[in-house]
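This report refers to the structure that appears directly beneath it.
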There are 2 protein chains.
Amino acid sequence: MEVRRRLAANMKRLRKAKGWSQEVLADAAGVDRTYVSGIERLVRNPTITVLERIAQALDTPAGHLLDPPT
Amino acid sequence: MEVRRRLAANMKRLRKAKGWSQEVLADAAGVDRTYVSGIERLVRNPTITVLERIAQALDTPAGHLLDPPT
DNA sequence: GTGTGACTCAAAGTCCGTT
DNA sequence: AAACGGACTTTGAGTCACA
């Protein structure tokens, strides 16, 4: 479950760094708006392919989204 | 799908580096033997929590399993 | 020691909405 | 802009027998 927390935190941080709403990120990643919300709130457990699409949208390596906070 | 290929490759490489069979890795990660087989053959699309368990078994950061080949 | 098909069941993922 | 819910379809999780 630790990776889910890290993903949520990293995703939120990078998303905000771009000044993006959840919906903008969702559209950019090609996933549903409510799904992005669910990941950030830790109620969802995405597959690695969804992780990949979100990473591409955020212009960062997929693995980086799972890294511990610096 | 790229992450799936990378996971398969990295997992196989690290597994073999330990001299482990798919079955030994499966036991260490707490998943089924055939499931490990399925990931390596790209027929499975694991969630990030499964990725986490495999990473722990291989004693490597989860994100590292998604990295491109060096 | 690994590949594969088939299976159940829970969860991934989408789409509609309201607060 | 984001949390949250319901209903829905598709896919992953997890397991087995057999090759």
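So that the names make sense, note that chain A is the first sequence line, chain B the second, and so on, each numbered from 1. The figures here come from the full heavy-atom set of this structure, side chains too, leaving out hydrogens, waters and symmetry mates.
One distance of note links CZ of A:Arg5 with CE of A:Met1; it measures 7.5 Å at 0.5 Å rounding. Taking CZ from B:Arg4 and CD1 from B:Ile39, the interatomic distance works out to 9.5 Å, rounded to the nearest 0.5 Å. The structure places CG of A:Leu42 at 9.0 Å from CG of A:Leu7, a figure rounded to the nearest 0.5 Å.
When the side-chain nitrogen and oxygen atoms of B:Ser37 are compared with OP1 and OP2 of C:dG3, one or more of them lie within a distance under 4.0 Å. In this structure, A:Arg53 does not reach the C:dA12 phosphate: none of its side-chain N or O atoms is under 4.0 Å from OP1 or OP2.
When rounded to the nearest whole Å, the span between CG of B:Leu42 and P of C:dG3 equals 11 Å. One can place CZ of B:Arg41 at 11 Å from P of C:dT2, the figure rounded to the nearest angstrom. The nearest whole Å value for the distance from the CZ atom in A:Arg4 to the P atom in D:dG12 is 17 Å. Rounded to an integer number of Å, the gap from B:Asn45 CG to C:dA10 C1' is 16 Å. Taking atom CZ of residue A:Arg15 and atom P of nucleotide D:dA1, one finds them 9 Å apart after rounding to whole Å. Spacing between atom CD1 of A:Ile48 and atom C1' of C:dG13 amounts to 16 Å, rounded to whole angstrom units.
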Each nucleotide N or O in nucleotides 15-17 of chain D that has a protein N or O under 3.5 Å away: list the pair and distance.
from: D:dT15; atom 1: O4; to: B:Arg44; atom 2: NH2; distance (Å): 3.2
from: D:dC16; atom 1: N4; to: B:Thr34; atom 2: OG1; distance (Å): 3.2

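Other residues, nucleotides and ligands contribute over 12 non-hydrogen atoms within 6.0 Å of the NZ atom of B:Lys18.
Listed by chain and number, the residues in a side chain to side chain contact (heavy atoms under 4.5 Å, CB included) with A:Asp32 are A:Thr34, A:Tyr35 (sequence neighbours excluded). With sequence neighbours excluded, the residues satisfying side chain to side chain donor-acceptor pair (under 3.5 Å) with B:Arg13 are B:Asn10. Among residues two or more places apart in sequence or in another chain, the side chain to side chain contact (heavy atoms under 4.5 Å, CB included) test is passed with B:Ser37 by B:Gln22, B:Arg41.
Nucleic acid contact for A:Val43: none, since no nucleic acid atom lies under 4.0 Å from a heavy atom of the residue.
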Please list every donor-acceptor pair under 3.5 Å in which a side-chain atom of residues 54-70 of chain A meets a protein atom from a residue at least two apart or in another chain.
from: A:Thr60; atom 1: OG1; to: A:His64; atom 2: ND1; distance (Å): 3.0

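Contact check of residues 19-28 of chain B against DNA chain C (heavy atom, cut-off under 4.0 Å) returns B:Ser21, B:Gln22, B:Glu23.
Closest-nucleotide positions on DNA chain C for B:Val36 and B:Thr47 were compared, and the one nearer the 5' end corresponds to B:Val36.
Scanning both residues, B:Arg15 and B:Glu40, for their nearest heavy atoms gives NE-OE2, 2.8 Å.
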